Each structure stands twice: as C-alpha cells, then as structure tokens.
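Just so we're clear, the structure is a prediction, and the values are computed from it rather than from any experiment.
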2 protein chains.
Amino acid sequence: MSERLTPHAPLTPAVLAILLSLAEDEKHGYAIMKDAVKPEFGGITLGPGTLYGTIDRLLRDRMIEETGTTDNERRRYYRLTSQGLKTVSAEIARLNAAVAQGRALGLIQPKGAR
Amino acid sequence: MSERLTPHAPLTPAVLAILLSLAEDEKHGYAIMKDAVKPEFGGITLGPGTLYGTIDRLLRDRMIEETGTTDNERRRYYRLTSQGLKTVSAEIARLNAAVAQGRALGLIQPKGAR
DNA sequence: TGACAATATATCCGTAACGGACATATATTC
DNA sequence: GAATATATGTCCGTTACGGATATATTGTCA
C-alpha cells in the first residue's frame with residue numbers, strides 16, 4: 001500500500017509556477033505562461049513543451065483538474081484540486097525554511113532592511 | 001558568445017541543497033548529504049547518484065571547487081566559488097518572492113502567527 | 001571476533017522532466 | 001493584408017534525477 005501523500009516531493013520550478021498561479025485563481029494555459037515570468041510566480045519562462053507537458057502530468061496526478069467551463073472556446077481552464085493545494089502549500093512551507101536559512105546566512109537582505 | 005551570468009537559471013532542488021549547505025561552510029560530500037535532509041537545506045534525500053553527479057556538474061560549471069585540504073584521506077572538501085555564491089543568493093531571492101506570494105495567498109501561516 | 005551499521009566515494013543506467021522547434025488556427029492591430 | 005498576440009498542441013534531443021550496486025574503512029555491540 002502506501003498511497004503517497006505527496007507524490008511530488010520537491011516540486012520542479014515549472015510545477016511550482018503552475019500550481020502557484022492556479023492557487024490564485026482558475027486559469028487557462030496561456031494565462032499561466034504569462035504568470036510564470038512574473039517574479040511572484042518564480043520568474044521562469046515556460047515554453048509550450050514544458051507548459052502543456054507539465055499540465056498533462058499534473059492532470060494525470062490529480063493536482064489540477066479542468067473546470068469544464070470557458071469564456072472562449074479556445075481556452076481550457078484549470079483549477080487546483082485539494083491535493084494540489086496541499087502540495088503547493090507544503091512546497092511553499094519547505095521553501096520558506098530554505099529561504100529563512102539563506103537569510104540567516106546573509107545571502108539576501110533581511111526583511112526590514114533598506 | 002554570451003557567457004551566461006547564471007547558467008543555472010532556476011536551480012534544481014538537489015543543486016540548491018548542495019549550494020546552500022556549502023554557503024554555510026566548506027563540507028565534504030557525505031556531510032552535504034546529511035545536511036540535505038534537514039528542513040533548512042530543503043529536506044530532500046540525496047542518493048549517491050544525485051549527490052556525486054550533481055557535485056561533478058557544479059565543479060564543471062565552477063559553482064564549487066575542491067579545497068585541496070582534508071582532515072581524513074577519504075574526505076574531499078568543497079567550497080563555493082564567488083559564482084556559486086552569487087547563484088545561490090539569486091536563487092534564494094527568487095524563492096523568497098514565491099514564498100511571499102504563497103504567504104499572501106494564505107498557503108502558509110504568516111510570520112508572527114501562532 | 002564476528003556481524004552489522006555508518007562513513008565515504010564512485011559508477012551505471014532506466015525513467016522522467018525540461019525546453020526549444022515546429023505546427024496550426026483565430027483575433028487583433030496597424 | 002501583414003504582422004503580432006492569443007491559444008493549444010506535438011515532437012524529440014539533452015539533461016537531471018535517483019535507485020542499485022560496488023568498494024573500502026571505521027565504529028559499535030553482542
């Protein structure tokens with residue numbers, strides 16, 4: 001047995017960007033791609049291969065699902081599943097620990113600093 | 001042309017763990033492996049294949065270098081290069097933005113909260 | 001003292017992910 | 001009407017991951 005609670009242990013940057021984007025709201029692929037380049041979502045460039053390939057994997061692993069609705073026949077909207085939400089949350093918490101360590105080591109400016 | 005300033009754009013979890021561990025102090029491979037499972041360094045399990053394979057790549061890309069010194073003939077010590085330091089710092093800053101976004105979305109508890 | 005776990009590094013190799021190239025079609029803008 | 005943006009999709013070479021396996025030493029414990 002042993003259904004893994006988080007089959008994706010450390011998320012790849014592409015997976016994180018997509019899940020984080022969908023944590024904000026339901027979105028379609030192209031909108032996710034636009035989000036990904038923004039610093040808040042990781043600032044990465046998602047080529048179509050990575051974007052749709054990763055979406056397919058996330059659908060397969062039930063991290064995201066199609067909403068079924070659309071405002072434009074060309075768009076396919078996706079939303080996080082509860083599993084997906086758990087997974088991003090765990091990943092953000094994990095990254096938070098690493099960032100805290102980086103801050104402690106002086107790799108980045110402390111919060112309030114100028 | 002085009003020497004990339006940061007050949008490793010978003011770092012893989014394994015690379016981040018290794019660089020973050022070495023940002024603290026010079027270490028040998030096995031010590032890095034022990035560090036990696038700690039939450040502060042990402043909490044990931046580095047198998048020997050990933051560990052030494054990644055170390056070789058980081059040496060090749062001049063992110064880390066051997067110190068040459070050792071306190072035990074079996075141990076090979078590594079340290080960050082200035083390039084490696086820049087790279088981890090940039091990565092921590094990048095992740096910090098994502099963590100801030102995750103926090104804003106309520107994925108993790110805000111700092112002061114109990 | 002014999003066995004087992006931990007230390008320490010190294011290679012091999014199958015699987016998975018990445019990411020650029022290419023393709024296609026519509027809508028918009030100039 | 002041409003170019004750009006929107007929107008999704010496939011293909012495929014390169015790379016990274018990570019478990020298995022190997023080897024040798026040191027430490028522990030019954």
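The NE2 atom of B:His28 sits 9.0 Å away from atom NZ of B:Lys34, with the distance rounded to the nearest 0.5 Å. The CD atom of A:Gln109 lies 10.5 Å from the CG atom of A:Leu107; values are rounded to the nearest 0.5 Å.
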Sub-3.5 Å pairs of nitrogen or oxygen atoms, protein against nucleotides 23-27 of chain D:
| residue | atom | partner | partner atom | Å |
| --- | --- | --- | --- | --- |
| D:dT25 | O2 | B:Arg74 | NH1 | 3.4 |

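At C:dA10, none of the side-chain N or O atoms of B:Tyr52 fall inside 4.0 Å of OP1 or OP2 (strictly under the cut-off). Residue B:Thr54 places at least one side-chain N or O closer than 4.0 Å to OP1 or OP2 of D:dC17. Contact check, B:Lys34 against C:dT7: a side-chain N or O comes under 4.0 Å of OP1 or OP2.
Each of A:Glu73 and A:Thr12 was assigned the nucleotide of DNA chain C with the nearest heavy atom; the assignment lying further toward the 5' end belongs to A:Thr12.
Side-chain atoms of B:Arg75 lie closest to C:dA8 of the nucleotides C:dC18, C:dA8, D:dG9. Closest to the side chain of B:His28, from the set C:dT11, C:dA8, D:dA16, is C:dA8. Nearest to the side-chain atoms of A:Pro48 among the listed nucleotides C:dC22, C:dC18, D:dA5 stands C:dC22. Of all nucleotides listed (C:dC18, D:dA5, C:dA10), C:dC18 comes nearest to the side chain of A:Thr50.
Of the possible donor and acceptor atoms, none in the side chain of B:Ser21 sits under 3.5 Å from a partner among the backbone N and O of B:Asp35.
Contact annotation: the side chain of A:Gln101 approaches that of B:Leu20 to within less than 4.5 Å [non-hydrogen atoms, C-beta and beyond].
Of all the heavy atoms in B:Pro13 and B:Ile44, the pair that sits closest is O-CD1, 3.6 Å.
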